[in-house]
Each structure stands twice: as C-alpha cells, then as structure tokens.
Amino acid sequence: MTHAVKHALSLFVVLYALWLLLSGHWVDPLLLTLGAVSAALAVFVAWRMEGLDHEGVPVSVTLNALAYWPWLLWQIVLANLAVARCILDPGRVAPRMAWVPASQCSDLGTVIYANSITLTPGTISVHVERGRILVHALEGGGIDDLEAGEMDRRCARVERPLAGLAGTPKERG
Amino acid sequence: MALVLDILSWAFIIGGGVFSLLSGIGVVRFPDVFTRMHAASLADTLGAGLIILGLLLQAGIGADLVGVKLILILVFLLFTSPVVTHALAQAALLDGERPWTRDGGPTEGTVDVRESEGDAFLVDARAPDGER
C-alpha cells in the first residue's frame, strides 16, 4: 500500500466520521451513501490539489500531537493568567523581540512549534526561518522560557515519526 | 446533581466572560499593535475556551450532538487563531511597524526586509515605494 493510498483512505475515514458527527444521520441508507459520496469527492479534490501528503493528512503525528495537547493547554492557562496580570497592571509590560532556536527538522514540526508559541498568550511568532523563529513577547520572561527549550523539545517529539523525510514530501508521494 | 452542573457551568461561562472583558481592556490599554495582539489572544484562548466548556456542561453531548459541535468549534478556533495572529504580526512588521519597547530602543532581533536576498517571501514584501 503506497503512502498516497494510505493518506487518501485515512482522510476519507476522518471526513466521513466528521460528516456522521455533524449530521447525526445513522440509519437512512440513502443519506449515508450521499455522505460517503461527498467525503469521497472531498478526497478527490484534495488529491487533485496535491494535498494528500504527510502535511495535508498528518496521520503519523496525530497520536503524538494528542499526547502533547494537555501540556500545551496547561501552558495556555498559565500564560493567560500572566497576560491578565499585565492588563491589570500595565507597568509590568516590557516587550522584547528576539530570535528563538527551533530544532524541528520538518516543516510540519516547525509549524506546530510556531503555532504553539502564538497560541500561548504573551508570545507571538512573527517570522519563521529554517532553524529559528522571531518571537515577540509581552514580558521578557516569555523569551527566556522559550529559550529554555521545553516547548521546543516537546514539539520535536511530536514530529518524530516524520524524521528522515524532512522537506521531501514529493519523494514520499 | 443538576444544581452542581449549573453552578459549574455558570462559573466557567462567567470566567470566560471575565477573560474576554480583560482582553478588551488590554486592547485599549496596551501601547502598540504587537502588545495589543497579546491582549486579543486572551479572548481567543481562555475566553472562548471557558465559555464553550460552560456551554458544554449545559448541553451535554445531547441527542442532536450539540456537544460534539461545540468541541469542534473550539478545536477549529485553536487551529486557526494562531495562524491569523502570526499573519497579522508579520504583516505589521514587514510594513515597517517598530515594536514599542520600554526604553524606546530597538529590539534584539528583527527582520530587515531591505537586506534579505535569499528569502523570496521577504523580497516580495519589499514594496518599490516602501522606503521609510
């Protein structure tokens, strides 16, 4: 089974599950068939747009991403409280903008890291290059925390299934 | 049991409302576009998250799958909002906006559009009449 078939099948399964959950139709065979047809149509369009690769359908990193989310959500809560404190006391605001190293080897991993940085209030990824991210932080401590590298390591762990095929989506099909 | 659920869900909804309000206050109070975006992301994350959590406790999963749709709203919000924030911050920086700092000096790191040769995206951002 080639990678393209694997990605097409998993995208179809995910889309059909989404269709079932959103529609709530479980019994009518006509509607179930129409749902399957529309899911298949979406997969066909994705294939025509050459979106059926490890970035468009990131099946291999899904489990690792699910394991990463609880930690990320907790960081978001902590960062929210820090920014809320800044809003109540604007004297604490001391913005910094600096480059932060990003050790991920794939584009997908870098995007996960940059999005995690932006998702935690108090830090925004402004520009992404290979191996480093320009971060704007509301308090200087935000940059120090990122430089300590905890989030960087965890994002590198999420993309580990992609190691070895970094930047070569075309060869992988 | 229903009372406990009601109290919990209202606590979550009020908490989300408080964070959304703080977010609005921050947008007014903070000095420049970048710091204001930090304040705005408060409403995107905990503000929306707590309100949806509270609504989820009110609705349950429900016969018509309302709960599933609420969770999907939160998931899509968490995936899309950082992309928008990143695009906005980058557009502001490439357009010549200089981040406000406490001592008024330049920031440690920055992107100089005029000096970048290798990055096609940055070269694109270099508008012909964009000399500031």
Side-chain angles (χ1 to χ4, degrees), chain A residues 17-18 20-26 65 69 72-73 75-100 111-130 132-140 142-143, chain B residues 18-19 21-32 34-35 37-47 49-50 62-65 68-69 71-72 75 78-79 81-86 88-94 98-103 106-111 116 118-119 121-122:
Chain A
L18 189 67
L20 282 174
L21 284 175
L22 286 177
S23 69
H25 293 299
W26 311 102
W69 278 358
L72 179 64
L73 286 178
Q75 294 301 308
I76 290 175
V77 172
L78 294 180
N80 264 282
L81 295 175
V83 174
R85 213 168 45 196
C86 276
I87 290 172
L88 295 173
D89 175 16
R92 300 177 64 94
V93 175
R96 276 175 71 192
M97 193 159 75
W99 289 97
V100 167
V111 167
I112 292 173
Y113 184 38
N115 265 5
S116 306
I117 290 175
T118 312
L119 203 50
T120 45
T123 48
I124 295 177
S125 56
V126 182
H127 194 77
V128 180
E129 283 180 6
R130 167 93 29 230
R132 58 180 197 162
I133 297 176
L134 183 63
V135 175
H136 185 276
L138 188 60
E139 292 173 286
I143 301 258
Chain B
V18 167
F19 272 100
L21 184 69
L22 279 176
S23 164
I25 295 174
V27 169
V28 177
R29 264 188 157 180
F30 280 171
D32 74 337
F34 295 100
T35 45
M37 285 166 62
H38 291 299
S41 69
L42 229 62
D44 277 351
T45 52
L46 256 199
L50 285 178
D64 43 2
L65 300 170
V68 176
K69 285 157 197 170
I71 294 172
L72 282 174
V75 169
L78 288 182
F79 269 95
S81 77
V83 179
V84 179
T85 309
H86 169 75
L88 185 60
Q90 191 175 47
L93 190 75
L94 295 185
R98 291 287 151 257
W100 179 87
T101 49
R102 197 151 270 291
D103 55 6
T107 51
E108 298 137 77
T110 190
V111 179
S116 57
D119 195 328
F121 183 74
L122 288 184

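Order of the sequence lines fixes the chain letters, A, B, ..., with proteins taken first and strands second; residue numbering starts at 1 for each chain.
- Residues forming a side-chain hydrogen bond (donor to acceptor under 3.5 Å, both in side chains) with A/Glu139 (at least two apart in sequence, or on another chain): none.
- Interface check for chain B: of the options A/Thr118, A/Ile87, A/Leu18, A/Leu21, the most heavy-atom pairs under 4.5 Å are formed by A/Ile87.
- Of the atoms belonging to A/Leu20, it is backbone heavy atoms, and not side-chain ones, that fall under 4.5 Å from chain B.
- The choice from A/Ile76, A/Leu73, A/Leu22, A/Val111 that makes the most heavy-atom pairs within less than 4.5 Å of chain B is A/Leu22.
- Of all the listed residues (A/Ala94, A/Ala84, A/Gly122, A/Gly24), the one sharing the greatest number of non-hydrogen pairs under 4.5 Å with chain B is A/Gly122.
- Put simply, the side chain of B/Trp100 reaches to within 4.5 Å of the side chain of B/Arg102, judged on heavy atoms.
- Contacts with chain A were tallied for B/Thr85, B/Leu42, B/Val68, B/Leu65; B/Leu42 has the most, counting heavy-atom pairs under 4.5 Å.
- Heavy-atom distances place the side chain of B/Leu72, and not its backbone, under 4.5 Å from chain A.
- Residue A/Ser116 does not touch chain B at all, counting heavy-atom pairs closer than 4.5 Å.
- Contact check for A/Leu119 versus B/Phe79: no side-chain heavy atoms found under the 4.5 Å cut-off.
- In this structure the side chain of B/Leu93 reaches within 4.5 angstrom of the side chain of B/Arg98, judged on heavy atoms.
- With contacts defined as side-chain heavy-atom distances shorter than 4.5 Å, the pair B/Met37/B/Phe30 does not qualify.
- Under the 3.5 Å distance criterion, with hydrogens and angles disregarded, a donor-acceptor pair is assigned to the side chains of B/Thr35 and B/Asp32.
- Proximity to chain A (any heavy atom under 4.5 Å) is shown, for B/Val83, by both the backbone and the side chain.
- For chain B, the nearby part of A/Ala137 is the backbone; its heavy atoms alone come within less than 4.5 Å.
- Within the 3.5 Å criterion, the main-chain N or O of A/Ile117 finds a donor-acceptor partner in the side chain of A/Thr120.
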